[in-house]
Structures are given as structure tokens and as C-alpha cells.
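Everything on this sheet refers to the single structure shown next.
Order of listing sets the numbers, starting from 1, for every ligand and every atom in it.
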Amino acid sequence: MTDPYRRISPMAQTYPASDIRKMFNIALNYPEAVKLTVGEPDFPTPEHIKQAGIRAIENDETKYVANAGLPDLRAAIAGKYSVRWDREVTADNVMITFGAMEALTLSLDTTVSPGQEVIIADPSFPNYLGQIHRLGAIAVPVPVTEESGFKVHADDVRAAVTKKTAAIIINSPSNPLGSIIDREDLGQIADLADEFGFTIISDEVYDEIVFDDATFTSIAEVRPGFDRFLVVGSFSKTYAMTGWRCGFVIGPAAFIPPMPLLQEGLTSSLPAFVQEAAIAAVTGPQSVVAEMVSSYAQRRDLIVDRVNAIDGISVLRPEATFYAFANVKDWGMTSWEVATALLERHGLATIPGSAFGPAGEGYLRLTFAVSPETIEEACRRLEAFAATR
Ligand SMILES: Cc1ncc(COP(=O)(O)O)c(C=O)c1O
């Protein structure tokens, strides 16, 4: 008998499986469960964006287009971020990608070689691990604690830097932590990048889902002329466009030219009609974003207040995103055990904190991009669990 695995590369055999996906698959067996699992807006894509996509299909914009993306979309994104960051961004600084996911792939491919190290926060978005693994690079975690407000601190980053550090992935605002890295720490991380010559890949897909009581700073804003960064952005969360798969990288002009070449062999180009919809998103009314963010803010307050009234579970008030990272250590079980028991006994699906790294043990990620009624029902189920455990 031949061993089928002999044909599968070691990289593929050892690709780190995401526990988010594992929990999601288990939850499929509980169709009636209340779900606080999925990290996407519950709003439909705004009408004017959908219409732009439909018009583009009707106009036969259904052919291959430039690897780097439609010039008009690159220019529109450049225009938006020049204003947001108060620094010059041109179309040459922008690469259009299949979601932030491919933006991360291209950013890592462009800056990291096999055997080099990439610093990431622990807990963090699990796909970073797989992407670093694919490259044959090594992920170096920096633990982030509740005691420090779930924020990455520059001192901890400094302690993780070695001669092999090629990049750091920062994610502010953070999935799953809902926190924002302080401007001072961001500046110090930029100084470290200059001192040691590594690149900052800054995953800023939640840059607009920030609540009134918080201020978000992009790595591009830390100081004029700083250019060791690649900002990863996306239409998925801001404009409720997860399924359209439109993301981008913004970086110094020297970093961008390899990306269209890599794109050619990966996906060639993002569909033109998707890019037309994205142009409508950037150039159309931004009130649609403000309305969604204000709704997330209300739901954040609801979930935080309700959860903090339950015995044995507590949660910091997230400054941004639509995730709350709740501490369940007092329940004396692993986060996987808590998540499984909640699902099996009370029909409530959550994501165990350990899915985001070892430092996530003892926490549950609760998504509040769901209706207030769903949040209320989920909290009743958490109460029932707390009472009967
Ligand atoms: C931190 C973070 N980065 C990247 C992504 C991927 O986003 P996209 O849909 O643009 O690929 C997500 C999606 O959940 C995310 O939470």
C-alpha cells in the first residue's frame, strides 16, 4: 500500500488548523443555536455599492484586468487615505487584493524569507500563523494581557526582536481583543523597525469600526516620512462586503511593484465588477459606515453591561471592532470546555479564546455584530450556564 501522505508536502501536512473553523463546524450540528461566532457585519452591503457591481456586470466588465487593480480604484483608495493620514498617498502606493487575507499573503511574501521570524501578538487572528507557516518562516508570539488593557506594548516587542526578525504583524484595532495600540507604543515600534530594519505589516481592517470614546492611530500616521510599513486594509468589515473579497495594501512605492507580479501567479486580478463596487463604496456616501458603527457601539454597550452582570464572567469594554474578549477563568474550565458546554447544553456558540493563541486560554470571543435580540438571548443562555455549572 502506498502512503497517500507521501505526496502531500510537509508544509500542507502541518498547516495549523484554525480552531475557529473547528468550532464553526461543530456548531453546524446545532442549527438552532444562538451564534456569536462569525466575524462579519450582519448588515447587507449598502444598496448603492451593490448597484455599482450589478451595473459593471451589465456593462460586461467581466474580463481580466490589471494585476495591481483598476487604476480608478487605486486612485480612490489613495485619495481617501491621503486625507485620513494627512500624508501623500498615490495610486502607485496601492495594490488591490482578494480581501485582506491576500493582502497579508502578498505583504509577507514581499518582505519575509524562509527561516526568518515574524513577530505576532498572542492572542491574534489565527490566519497569521498559517500564512507565516506557508512561507517556511517562524512566528514569534508576544503575549498581550488583560492587565495591560489587551494592548501590545513596545517593550515586549523589543524583547522579541532577534537578528532573524523580518517583520511584525500588528493588528490595531484587534480581532479578537477589541483594543487599539496606543500612539506612543506605535511610535516606539516604528523606532524599533528603523533600528533593526524589519517591516511593520499593519492589519488595519477595523480602522473605521472605532467607537466615540477611542482614538485610532494608523502606523502611517506615527511620524512624517516613516516608511517601513505595509498597511493591510479591506472593504469587508467597513462596508459590510465580506463576500466581495476586496482588500488592499498601501505601502511605500518601493514595496508595491513585486506584488502585481506575485498576484499574476496567484489570482491574476480581482474581478472588475467587484472593484467597481469598491469604487462606489469609497467615493459614495460614508454615512452608511457611520450608521453601522453607531449600531455596533450600542450593541457593545448592551453586551458588556449584560455580561458583566453575570457571575464568573467579565469583559473589558472594547474600544473598536465588533468583538468582546470575555474572561471566564473563574469558571475553572478551559475555554474549549466552556465553549463546548455552552453549545451542547445551552445552544450558544462562541469561540474559545485558545483559538487565538495560548494567551487566549481562559477567555471567550463574543461577536456583537448580531441583533440586540440575539445579544439578549445569548446573555440569558450565559446566565443559565453560570447558574447551573
Ligand atoms: C484581523 C483580520 N484581518 C484580516 C481579516 C480578513 O479580512 P478579509 O475579509 O478582507 O480577507 C479578518 C477577517 O476576519 C480579520 O479579522
Side-chain angles (χ1 to χ4, degrees), residues 18-21 23-24 35-43 45 49 69 73 77 94-108 118 120-132 134 139 141 144 150-152 167-181 200-210 216 218-219 230-250 263 266-267 270-271 274-275 277-278 281-282 289 292 296 318-325 351 353 355-357 360 365-370:
S18 157
D19 273 1
I20 298 187
R21 183 53 55 177
M23 186 46 84
F24 183 84
K35 295 191 175 66
L36 300 187
T37 41
V38 185
E40 65 180 345
D42 63 333
F43 294 100
T45 302
I49 302 176
L73 178 56
I77 293 172
V94 181
M95 169 73 203
I96 307 300
T97 61
F98 267 81
M101 219 77 92
E102 197 207 6
L104 287 161
T105 304
L106 293 180
S107 299
L108 286 165
V118 180
I120 55 169
D122 172 16
S124 66
F125 182 53
N127 285 312
Y128 300 150
L129 277 186
Q131 298 214 340
I132 295 166
R134 266 186 68 247
V144 180
F150 284 137
K151 288 171 187 282
V152 172
I168 177 171
I169 302 178
I170 52 175
N171 172 218
S172 172
S174 160
N175 170 15
L177 303 171
S179 59
I180 291 174
I181 300 179
I200 301 175
I201 299 173
S202 187
D203 179 345
E204 301 184 4
V205 302
Y206 298 98
D207 65 344
E208 296 197 51
I209 305 181
V210 175
F216 165 73
S218 165
I219 192 68
L230 291 168
V231 166
V232 166
S234 177
F235 287 76
S236 288
K237 319 286 174 168
T238 308
Y239 297 101
M241 290 177 72
T242 45
W244 296 75
R245 309 306 304 128
C246 187
F248 53 89
V249 183
I250 305 179
Q263 173 93 316
L266 274 175
T267 60
L270 191 71
V274 171
Q275 298 192 55
V282 186
V289 179
M292 290 190 274
Y296 298 139
E319 304 177 279
T321 75
F322 32 64
Y323 307 109
F325 209 55
I351 303 291
F356 303 92
R365 190 192 74 175
L366 311 174
T367 302
F368 51 89
V370 293

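Ligand 1 lies nowhere less than 4.0 angstrom from a heavy atom belonging to F98. Residue E40 places no heavy atom under 4.0 Å from ligand 1.
Note: an N/O pair closer than 3.5 Å links S234 and ligand 1 by distance alone. Distances between N or O atoms of A100 and those of ligand 1 include at least one value under 3.5 Å. Close N/O approach between M101 and ligand 1 is found [any backbone or side-chain N/O within under 3.5 Å]. At a 3.5 angstrom cut-off on N or O pairs, T242 does not count as close to ligand 1.
Listed by atom number, the atoms of ligand 1 under 4.0 Å from K237 heavy atoms are 12 (C), 13 (C), 14 (O). Each of the following atoms of ligand 1 lies closer than 4.0 Å to a heavy atom of G99: 10 (O), 11 (O).
Only side-chain heavy atoms of R245 come within less than 4.0 Å of ligand 1; its backbone N, CA, C and O stay farther off.
Partner of V118 under the side-chain contact (heavy atoms from CB on, under 4.5 Å) criterion, out of L129, I201, I169: I169 alone.
Applying the ring-ring contact (aromatic ring centres under 6.0 Å, His included) rule to F150 yields the partners F325, Y363; only residues at least two apart in sequence or on another chain are considered. Applying the salt bridge (charged side-chain N to carboxylate O under 4.0 Å, His left out) criterion to E319, with sequence neighbours excluded, gives K151.
Checked against a 6.0 Å centroid threshold, the rings of Y296 and F43 count as neighbours.
For atom 9 (O) of ligand 1, the nearest non-hydrogen atom from the set G247, S236, P176 belongs to S236. Considering only non-hydrogen atoms, atom 4 (C) of ligand 1 lies nearest to D203 out of N171, D203, T238.
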Residues K35, V370; criterion side chain to side chain contact (heavy atoms under 4.5 Å, CB included); working and verdict: CA-CA 8 Å; K35 295 191 175 66; V370 293; over 6 Å; no
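Of the protein's non-hydrogen atoms, the one nearest atom 12 (C) of ligand 1 is F125 CZ, 3.4 Å.
Within the 4.5 Å cutoff, side-chain heavy atoms of L366 are placed close to those of L36.
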